[in-house]
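Written out below as structure tokens is the structure these notes cover.
Whatever order the structure lists them in is the order used to number ligands and atoms, beginning at 1.
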Amino acid sequence: MSLKNKVIYQIYPKSFKDTDNNGIGDIQGIIQKIPYLQSLGIDMIWVNPFYPSPQKDNGYDISDYMKIDPIFGDFNDFDELISKLDKAGIGLMMDMVFNHTSTEHEWFQKALKGKKKYQDYYIIRENKAVGPPTNWSSKFGGGAWAPFDHNRSYLHLYDVSQADLNWRNPEVREELYNIVRFWLNKGVKGLRFDVLNVIGKDEILVDADDNEAHEKALYTDTPIVHDYIKELHEKTFGRYPDIVTVGEMSSTSVENAVLYTQAERKELDMIFSFHHLKVDYKDGNKWANKPFDFLTLKKLLWSWQKEMINGHGFMALFWNNHDQPRSNSRFGDPEHYPYETATMLATVLHALKGTPYIFQGEEFGMKNPNFGHIDDYDDIETKNAYRELRKKFSDEEAMSIIQKKSRDNSRTPMAWNNSLHYGFSTATPWLRMPENGITLENDLAHPKSIFRYYQNLIHWRKNSDAVQNGDLVPVYENHPSLMIYERNSDKESLLIIGNFYDKSAEVNLNDYADFQKVFGNGPLSLLSKNTVLSPYETAVFIKSKEVSDV
Ligand code: GLC
């Protein structure tokens, strides 16, 4: 399947649409909204995990990979979803969380009961004379080891309830491949592999020095990960036609990203990388407030685009997902320029090379809820971070960081309309919903509708030769407020412009005076020596190549 003109929509099922009115979204809710998804123009939905799970990490702690958690529905609902999506021309991408299982998974439970076979499914090591096997940290705070029995510990790179699997054991890999085939046989068309580049741990695990990057390097992008992915490809999705695959790659390098996605290597179609979303970290620390660094953001986007295009790799393009704060709150001003911010960010992203992902609610401008109390947040990473922050800061200071950084920023339920609980559910939602007037109903009633802009953007992208096949040339790379780039294919050239700030900006675009405007979100109509962009304005201009040029 050609991915170049596809757009994928991410659904966080707990927060999408509740039909059995228990405050938690469900599969029937997704089914109900298929016409909505269809009208947006997307090709595939990626649904976050809906397997049985103790929900310590919102479904990323799986206790049974081949069942559906009853809070979301059952296999009848699932089959109905697949068949109705199919009729609507939409594929289903499932989340495969294979770095770890929940400690409530039967494999871990059998391991605890002493079954050697299952102990070898996990990464269990003897403690040192004093302390755990290594000094590694968990990505959710604290140490990465928890006691397994009196003298051994198990590794958990994430929550203590998420035990890392031992991919070195061929039996583990076979179990996981079996799970993939099970879902593919049920009609799943896409696979999103959670934190896939940390599956390749060594047999002998060693202490890290004080440098966080050195520590991550001990288990990230190790060469054996490529071997595992090749095997996964060969034994599972490589045997089925047109399966779309994406790997979530924690702190990966562009060199590895190219290797993971070059078609002839038969690994994955594309990867998610996160470097561009770390430009508001303070010295690498997520849990500190800092305005985003625009020049670094551009540098990262350009260098990744160029190297992926040159190396024949392929990218997933995204500003938002269930682990990120809302991008319009982060990179724009949704209070004063909600429409301009949302449409500018969408335009400059969708015109890049890759497959864009839209995270639910983004298409009508949902923003960070700014809840004032820690009890309004649910996420385990957020709660752990709050506890740590409170050791150093007042509640107010800690909350100002939580409000900007929490993963729950994106997880608040969909605000469909202006009725009770915003049409998400008739019961109290599992996570508080903000009262900020941003609903799909309000957006559609507005002459400047973000949703309608997305519809047009997606439609345009599907038919744009330069977006799909063109090279990328950054323009005025060091401009402090504008992102400008060309995309050039044999047939046409595009100029894409976005103003990332709330001040007008002037720029000399005389070289593009013969380009014509395709669309945008503001008044700009011609390019000239004194082109002025309004706050958060964006536009796409085109020049078709003469026949004689070709
Ligand atoms: C990925 C998921 C995230 C989860 C983590 C551990 O990063 O996107 O939500 O907490 O993996 O599974």
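- Both cation-pi conditions hold for K14 and W430: the charged atom is under 6.0 angstrom from the six-membered ring centre and inside a 45 degree cone around its axis.
- Evaluation of the side-chain hydrogen bond (donor to acceptor under 3.5 Å, both in side chains) rule for D61 yields S53 as partners, not counting sequence neighbours.
- Under the side-chain contact (heavy atoms from CB on, under 4.5 Å) criterion, D209 pairs with N211, H214, not counting sequence neighbours.
- Residues W145 and R152 are not in side-chain contact: their nearest non-hydrogen atoms beyond the backbone lie 4.5 Å or more apart.
- Neither side chain, N197 nor T220, offers a donor N or O lying under 3.5 Å from an acceptor on the other.
- Applying the side chain to side chain donor-acceptor pair (under 3.5 Å) definition to pairs two or more places apart or across chains, those involving residues 283-292 are K286-E381.
- A distance limit of 4.0 angstrom between heavy atoms and ligand 1 selects the residues D57, Y60, H100, F140, Y158, Q162, R192, D194, V195, E248, H322, D323, R407, R411.
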